[in-house]
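Okay, structure first, notes after.
Whatever order the structure lists ligands and atoms in, that order sets their numbers, starting from 1. Since the model is a prediction, treat every value here as computed from it, not as a measurement.
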Amino acid sequence: MRHLKPTESISASSKEQLRVLAETVPQFVWATQPDGYLEYWNQRYIDYLQISPESLRGYGWRQFLHPDDLERVVTTRTRSLETGEPYEIEYRLRDGRTGTYRWFLSRGAPVRNEAGKIVRWFGTCTDIEDQKHTEEALRQSQERVQALMESSIIGIVVADGETIVEANDAFFQMTGYCREEVQSRLLSFPKITLPEYAARDQQTWAEIAVSRPVKPYETAYICKDGRELPILAGGVALAGHASQTIGFVLDNSARHELERRKDDFISMASHELKTPLTSLKLQTQLLRRQLAKQGNTRSTDVLARMEEQVNHLERLVGELLDVSKIQSGRLEYLQEIVDLDALLHAVAEIMQQVSATHTFVVRGTLDVPLSGDKSRLEQVFINLLSNAIKYSPAGSTVEVDMSQGAETVTVSVRDHGMGIPQEQREKIFERFYRAFDSAQKTIPGLGMGLYIVEGIVKSHGGTITVDSALGKGSTFQVTLPLKGIASHP
Ligand code: ADP
């Protein structure tokens with residue numbers, strides 16, 4: 001700092017230059033006597049306070065200080081005036097025009113003469129209101145992130161590539177791993193993910209890297225003690241750092257346990273129902289035959305209706321069993337030579353006999369046999385044709401088209417019914433899924449048919465897709481490899 005000689009005074013032209021300088025800077029500029037008595041300020045200062053120079057002179061500015069800051073400011077300044085140490089202090093000053101307060105950073109420094117005696121204090125006030133808002137927003141956002149990290153609700157992991165570099169307590173509690181392992185970079189996703197999920201997970205993390213947030217998906221980790229932990233995971237890449245991701249992990253074991261119990265129940269219930277039903281059916285048939293021999297037509301009619309209901313129940317229970325077996329991968333398939341062309345004609349014919357309301361049209365021919373399970377393939381097309389009838393108006397046509405490629409055959413079943421909304425087209429193949437549209441709700445069903453159809457088709461190495469236009473109809477297309485089951489591992 002330059003010392004002023006006692007005799008030295010700022011020349012008039014220098015003074016003018018300093019004044020011009022003080023008027024051009026965006027801050028408030030001020031000067032006080034050694035005891036803090038304000039004797040100079042720039043125009044910007046009084047413009048802000050909206051106060052007359054007379055009122056500002058001396059200590060008038062203090063009345064513009066926020067009451068909560070007054071004591072702190074006075075104490076700090078008094079200490080500096082006593083020690084001669086420059087100071088920096090943040091406080092709020094009232095805007096004379098609006099009456100609202102804005103944050104300022106005030107800096108003060110002493111000017112000494114050659115003897116080292118303070119002859120004046122110079123200072124500035126810089127508007128830091130916007131900076132304060134930014135700081136506050138940042139603080140709040142950090143607080144929120146911290147609260148989330150510390151909550152024991154969800155596990156959170158931060159990863160660099162495949163390596164986990166940070167994790168919260170919830171994650172450690174869930175998996176049994178510890179912070180030290182993370183700090184030593186010993187944990188990575190490939191290492192803690194159950195092998196059967198590894199390929200899918202890797203693809204998911206590759207998706208995140210191209211900065212697409214990944215919707216929650218089901219996977220499973222291997223815990224520290226070797227236990228398998230089903231989880232629901234999701235994640236997002238940090239903007240500008242594609243290799244850095246934040247992952248969210250939710251313990252999914254309760255849902256898995258419920259699913260398992262539901263599957264066990266369906267499996268047990270369908271088995272338990274099957275045996276008495278079979279016996280009931282046999283005995284009804286027996287009774288009907290005996291009564292027929294005795295010429296009791298009234299009772300045989302009643303028994304025939306009973307049998308119809310028993311058959312219906314038997315089909316439902318059979319489907320439940322199939323669903324349960326497909327779910328657990330226990331549905332067994334025969335490997336036979338199937339004449340699909342004949343099978344489709346036969347199925348269409350049967351359907352035509354039982355449903356006089358619709359007209360069935362079969363087009364195309366297939367002249368190569370297929371390897372597969374005949375009755376299961378029959379089940380596929382009976383299901384698709386039954387649905388076509390169920391979901392289209394009486395009097396309409398159901399068309400079955402077949403075509404043949406070098407290694408595949410394609411069969412499409414088209415109806416002219418209500419169609420399927422776009423957002424439901426994937427879901428209809430899920431177990432027990434039924435469309436929630438009110439028109440469809442009135443049509444009976446349990447949402448098992450298409451799940452079974454897809455299960456059988458996939459086991460034959462084939463695919464099933466659906467194309468649909470609302471109010472116009474749907475087309476289900478089944479493509480099967482000629483090698484059929486043999487092509488499927
Ligand atoms: P279900 O017919 O017993 O409900 P499915 O598994 O066969 O069960 O079908 C699932 C859902 O798909 C049905 O509830 C229905 O909403 C829809 N769906 C299936 N086939 C058709 C079709 N041909 N036209 C319109 N909707 C259909």
Side-chain angles (χ1 to χ4, degrees), residues 259 262-263 266 269-270 273 308-309 311-328 331 344 347-348 350-352 354-355 357-363 375-402 410-460 462-479:
E259 280 279 314
K262 187 181 79 185
D263 293 346
I266 292 170
S270 43
L273 287 169
E308 256 174 50
Q309 294 305 316
N311 283 342
H312 179 61
L313 266 178
E314 204 181 36
R315 269 197 306 277
L316 283 181
V317 171
E319 282 197 334
L320 255 186
L321 256 179
D322 288 347
V323 164
S324 155
K325 283 184 186 163
I326 289 173
Q327 168 72 12
S328 59
L331 191 64
L344 287 168
V347 168
I350 297 168
M351 297 302 289
Q352 188 65 80
V354 293
S355 163
T357 51
H358 291 71
T359 309
F360 291 85
V361 180
V362 183
R363 287 189 290 241
S375 67
R376 289 297 176 188
L377 288 173
E378 218 167 51
Q379 193 179 354
V380 165
F381 294 106
I382 288 178
N383 249 313
L384 291 179
L385 291 183
S386 307
N387 276 352
I389 300 170
K390 253 187 358 184
Y391 298 105
S392 67
S396 62
T397 323
V398 176
E399 293 140 36
V400 180
D401 281 275
M402 38 187 155
T410 300
V411 181
S412 57
V413 176
R414 174 196 296 260
D415 65 55
H416 299 277
M418 56 180 63
I420 305 159
Q422 173 78 43
E423 67 280 6
Q424 293 177 11
R425 287 183 206 158
E426 297 263 310
K427 294 203 176 91
I428 55 172
F429 295 100
E430 288 172 13
R431 216 164 37 134
F432 307 129
Y433 181 85
R434 299 213 70 219
F436 38 79
D437 180 71
S438 57
Q440 304 200 6
K441 255 189 193 158
T442 54
I443 302 168
L446 291 172
M448 296 191 282
L450 288 180
Y451 177 76
I452 297 172
V453 164
E454 192 185 43
I456 298 173
V457 169
K458 276 189 173 168
S459 292
H460 280 74
T463 54
I464 177 161
T465 54
V466 60
D467 195 14
S468 187
L470 269 188
K472 294 205 170 130
S474 313
T475 305
F476 285 85
Q477 185 166 309
V478 176
T479 302

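Heavy atoms of S474 come nearer than 4.0 angstrom to ligand 1 in at least one pair. Residue contacts with ligand 1: F476 is included, with a non-hydrogen atom under 4.0 Å away. Residue G419 places a heavy atom less than 4.0 Å from ligand 1.
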**Message:** Please evaluate residues V347 and F360 with respect to the criterion side-chain contact (heavy atoms from CB on, under 4.5 Å), reporting the C-alpha separation (whole Å), side-chain torsions for both, the decisive distance (0.1 Å), and the verdict.
**Reply:** CA-CA 10 Å; V347 168; F360 291 85; over 6 Å; no
**Request:** For the pair L450 and N383, evaluate side-chain contact (heavy atoms from CB on, under 4.5 Å) and give the outcome as yes or no after the intermediate values.
**Result:** CA-CA 7 Å; L450 288 180; N383 249 313; over 6 Å; no
**Message:** Using side-chain contact (heavy atoms from CB on, under 4.5 Å), reason through L384 and I464 one step at a time and then give a plain yes or no.
**Reply:** CA-CA 11 Å; L384 291 179; I464 177 161; 4.2 Å; yes
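Side-chain contact between F429 and V466: present, with at least one pair of heavy atoms (C-beta onward) separated by less than 4.5 Å. Side chains of Q422 and L470 form no contact here, defined as non-hydrogen atoms less than 4.5 Å apart. Two residues are said to be in side-chain contact when any heavy atoms from C-beta on lie closer than 4.5 Å; Y391 and I420 fail this criterion. Between H460 and V478, the closest side-chain pair of non-hydrogen atoms is not below 4.5 Å. Here the side chains of D467 and Q477 are not in contact, with every heavy-atom distance at 4.5 Å or above.
Within ligand 1, the atoms closer than 4.0 Å to a non-hydrogen atom of I428 are 10 (C), 11 (C), 12 (O), 17 (C), numbered from 1 in the order shown. Counting the atoms of ligand 1 from 1 in the order shown, those under 4.0 Å from a heavy atom of I420 are 25 (C), 26 (N), 27 (C). Of all the atoms in ligand 1, the ones that sit under 4.0 Å from a non-hydrogen atom of K390 are 1 (P), 2 (O), 3 (O). If you number the atoms of ligand 1 from 1 as listed, the ones under 4.0 Å from a heavy atom of Y433 come out as 10 (C), 11 (C). Contact atoms of ligand 1 toward M448: 6 (O), 8 (O) (distance under 4.0 Å to a heavy atom of the residue).
Below 3.5 Å of separation, one finds an N or O of R434 facing an N or O of ligand 1. Geometrically, ligand 1 and M418 share no nitrogen or oxygen pair separated by less than 3.5 Å. Backbone and side-chain nitrogen or oxygen atoms of L446 are examined, and one is located within less than 3.5 angstrom of a nitrogen or oxygen of ligand 1.
At a heavy-atom cutoff of 4.0 Å, ligand 1 is contacted by the side chain of D415 but not by its backbone. Contacts of Q424 with ligand 1, taken as heavy-atom pairs under 4.0 Å, are absent altogether. Under 4.0 Å from ligand 1, heavy atoms of L450 appear from its side chain as well as its backbone.
The closest non-hydrogen atom to atom 8 (O) of ligand 1, taken over P421, G445, G473, G447, comes from G447.
Contacts of R431 classified as salt bridge (charged side-chain N to carboxylate O under 4.0 Å, His left out), with partners at least two apart in sequence or in another chain: E259, D263.
Atom OG1 in T465 sits 9.5 Å away from atom CZ in F476 (nearest 0.5 Å).
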